Participant: 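Input: one structure, supplied below.
Keep in mind that what you see is a predicted model, and the values were worked out from it rather than measured. For this chain, numbers begin at 1 and follow the sequence in order.
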Amino acid sequence: MIRNILFKKQIIIQKIRQFFREQEVLEVQTPILQNTSTSDVYIDSISLTINADIGIQSTQYLHTSPELEMKKLLAQGSGDIYQICQVFRNNEYGEQNFNEFTLLEYYRLGFDIHQLMADMVNLLRMLGIQDKVYQLSYAQVFSQYANIDILNTDIVSLKIIASKLGLSTDFIWIEDLQMLLFVHLVEPKLKNLPLCFIYDYPKSQSTLAKVRNKVAKRFELYLNGVEVANGYDELQTKDEYQQVFICENNKRKQFSKLISQIDVSFLSKLSKPLPQCTGVAIGINRLLTQINEIKI
């Protein structure tokens, strides 16, 4: 039985590599050990002490994502790249959340998020997922499933809605309330749309995505109601990234979380802006679960 499961997983990984090989997207490997922890307020790094017995002890961090290391390569002219690797996150627990999991991350130069979504559909087709494709904006699904004008509703009004639903209202930032209501009012309905992209998130949820007017140019992919991928139209300049890192650290400070050192090695690679590119992180374990119910 386990051999059959391992064989199915091997076939899927081979097809992923074949897809990228046919499009001349290069496979890369980047360092897992990092000098700095993540600054993302919603993700925590796992730290470890190295070289204590040889007198040069230091703290390192297992990467939570290969994103910044891959962007260093993009900044140096790598062109389209992808990576399949293990990533590690602290304080993750649940049916779909693990401290270690496999991530497929890839970047396409010159693409916007709609071109990247189309590219992902081609990949999913190659993997055997043939369902009808739904593409809905974040504002559309909130209007359709929750009757909320999410881009024009302030935090006070969202707290009133959450309170009426018996949900917590103990939040500082509007994005936490938006995400809470999405999970309770929208996400359950996405099970009826087997292959669904949600795009144009509120700018309060932009993280490392570009912002246009009220929306962040990013998307998430849901397969049978399970979030599988998260894609961005990527920020390009050193100043933009530095501002995000500072903002995220300020939020972490309010939660008394570990403050990340600014990743100067990453910023040093952005003397020239990144080329226009979009990137997406795909949870391989979640993807495999949606293909032939492969579970390991």
Side-chain angles (χ1 to χ4, degrees), residues 15-16 19-20 22-26 65 67 70-71 74 78-83 103-145 149-152 175 178-179 182 186-187 189-237 240-241 244 273-284 286-287 290:
K15 286 183 178 178
I16 291 172
F19 175 80
F20 289 121
E22 289 175 354
Q23 299 193 54
E24 299 184 344
V25 180
L26 295 180
S65 158
E67 179 172 359
M70 292 181 74
K71 285 179 176 174
L74 292 168
S78 67
D80 295 341
I81 53 175
Y82 79 97
Q83 179 166 195
L103 203 66
L104 161 62
E105 182 135 345
Y106 79 94
Y107 293 88
R108 301 301 303 264
L109 271 59
F111 278 27
D112 62 23
I113 58 170
H114 293 279
Q115 290 171 303
L116 186 58
M117 285 188 275
D119 196 51
M120 288 184 66
V121 170
N122 291 334
L123 172 60
L124 295 173
R125 297 292 191 236
M126 189 164 188
L127 300 180
I129 298 177
Q130 304 296 334
D131 298 294
K132 177 181 177 180
V133 178
Y134 293 89
Q135 292 184 323
L136 302 166
S137 74
Y138 198 86
Q140 276 181 288
V141 290
F142 258 101
S143 175
Q144 184 171 332
Y145 295 131
D149 183 1
I150 196 67
L151 298 181
N152 296 296
E175 57 265 37
Q178 292 166 340
M179 288 188 280
F182 185 90
V186 176
E187 209 166 74
K189 308 292 178 52
L190 299 182
K191 292 178 181 177
N192 300 321
L193 309 175
L195 199 174
C196 180
F197 291 96
I198 307 296
Y199 65 93
D200 282 359
Y201 280 63
K203 64 180 181 182
S204 55
Q205 299 181 44
S206 61
T207 61
L208 297 178
K210 290 175 182 170
V211 172
R212 295 285 182 269
N213 300 317
K214 292 184 177 182
V215 299
K217 305 307 288 183
R218 49 170 292 217
F219 66 84
E220 293 187 358
L221 166 65
Y222 283 81
L223 296 179
N224 302 306
V226 176
E227 180 203 338
V228 169
N230 192 359
Y232 296 159
D233 191 338
E234 306 289 352
L235 297 178
Q236 294 177 262
T237 71
E240 290 171 326
Y241 281 98
V244 171
L274 282 181
Q276 164 61 35
C277 63
T278 50
V280 61
I282 303 171
I284 288 291
R286 292 188 182 188
L287 177 63
Q290 301 305 314

Participant: List for me each residue that meets salt bridge (Lys or Arg N to Asp or Glu O under 4.0 Å) alongside Lys210, sequence neighbours excluded, and say none if there are none.
Facilitator: Asp233
Participant: Ignoring hydrogens and angles, tell me if any N or O in the side chain of Gln115 forms a donor-acceptor pair with the backbone of Asp112 under 3.5 Å.
Facilitator: yes
Participant: Is a donor on one side and an acceptor on the other found under 3.5 Å between the side chain of Arg286 and the backbone of Glu227?
Facilitator: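 Yes, Arg286 side chain to Glu227 backbone: donor-acceptor pair under 3.5 Å.
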Participant: If you round to the nearest 0.5 Å, how far is OH of Tyr106 from CD1 of Ile16?
Facilitator: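 Rounded to the nearest 0.5 Å, the CD1-OH separation comes out at 10.0 Å.
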Participant: Can you see whether Tyr138 engages Gln178 through a side-chain donor-acceptor pair at a distance of less than 3.5 angstrom?
Facilitator: no
Participant: Take atom CD in Gln130; do more than 12 heavy atoms of anything else shown fall under 6.0 Å from it?
Facilitator: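 Count over threshold, so yes.
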Participant: Applying salt bridge (charged side-chain N to carboxylate O under 4.0 Å, His left out) as the test, list every pair that has at least one member in residues 122-131; sequence neighbours left out.
Facilitator: none
Participant: How about CG on Asn213, more than 12 heavy atoms from neighbouring residues, nucleotides or ligands closer than 6.0 Å, or not?
Facilitator: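 Open: at most 12 neighbouring heavy atoms sit under 6.0 Å from CG of Asn213.
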Participant: What pair of heavy atoms forms the shortest contact from Met126 to Lys15, and how long is it?
Facilitator: O-CD, 3.6 Å
Participant: Closest approach of Leu235 and Leu274, non-hydrogen atoms and distance?
Facilitator: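 Taking every non-hydrogen atom into account, O-CD1, 3.6 Å.
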Participant: Using a 3.5 Å distance criterion without hydrogens, assess whether the side chain of Gln276 forms a donor-acceptor pair with backbone atoms of Phe111.
Facilitator: yes
Participant: Is the Tyr82 ring parallel, tilted or perpendicular to the Phe20 ring (thresholds 30°, 60°)?
Facilitator: parallel
Participant: Do Glu67 and Leu208 have side-chain heavy atoms sitting under 4.5 Å apart?
Facilitator: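 Yes, their side chains come closer than 4.5 Å.
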Participant: Do Lys214 and Asn152 have side-chain heavy atoms sitting under 4.5 Å apart?
Facilitator: yes
Participant: Rounded to the nearest 0.5 Å, how far apart are CD of Gln23 and CG of Asn122?
Facilitator: 7.0 Å
Participant: Is the distance from the ring center of Tyr134 to that of Tyr222 below 6.0 Å?
Facilitator: no
Participant: Among all residues two or more places apart in sequence or in another chain, which pass the ring pair (Phe, Tyr, Trp, His ring centres under 6.0 Å) test with Tyr241?
Facilitator: Phe266
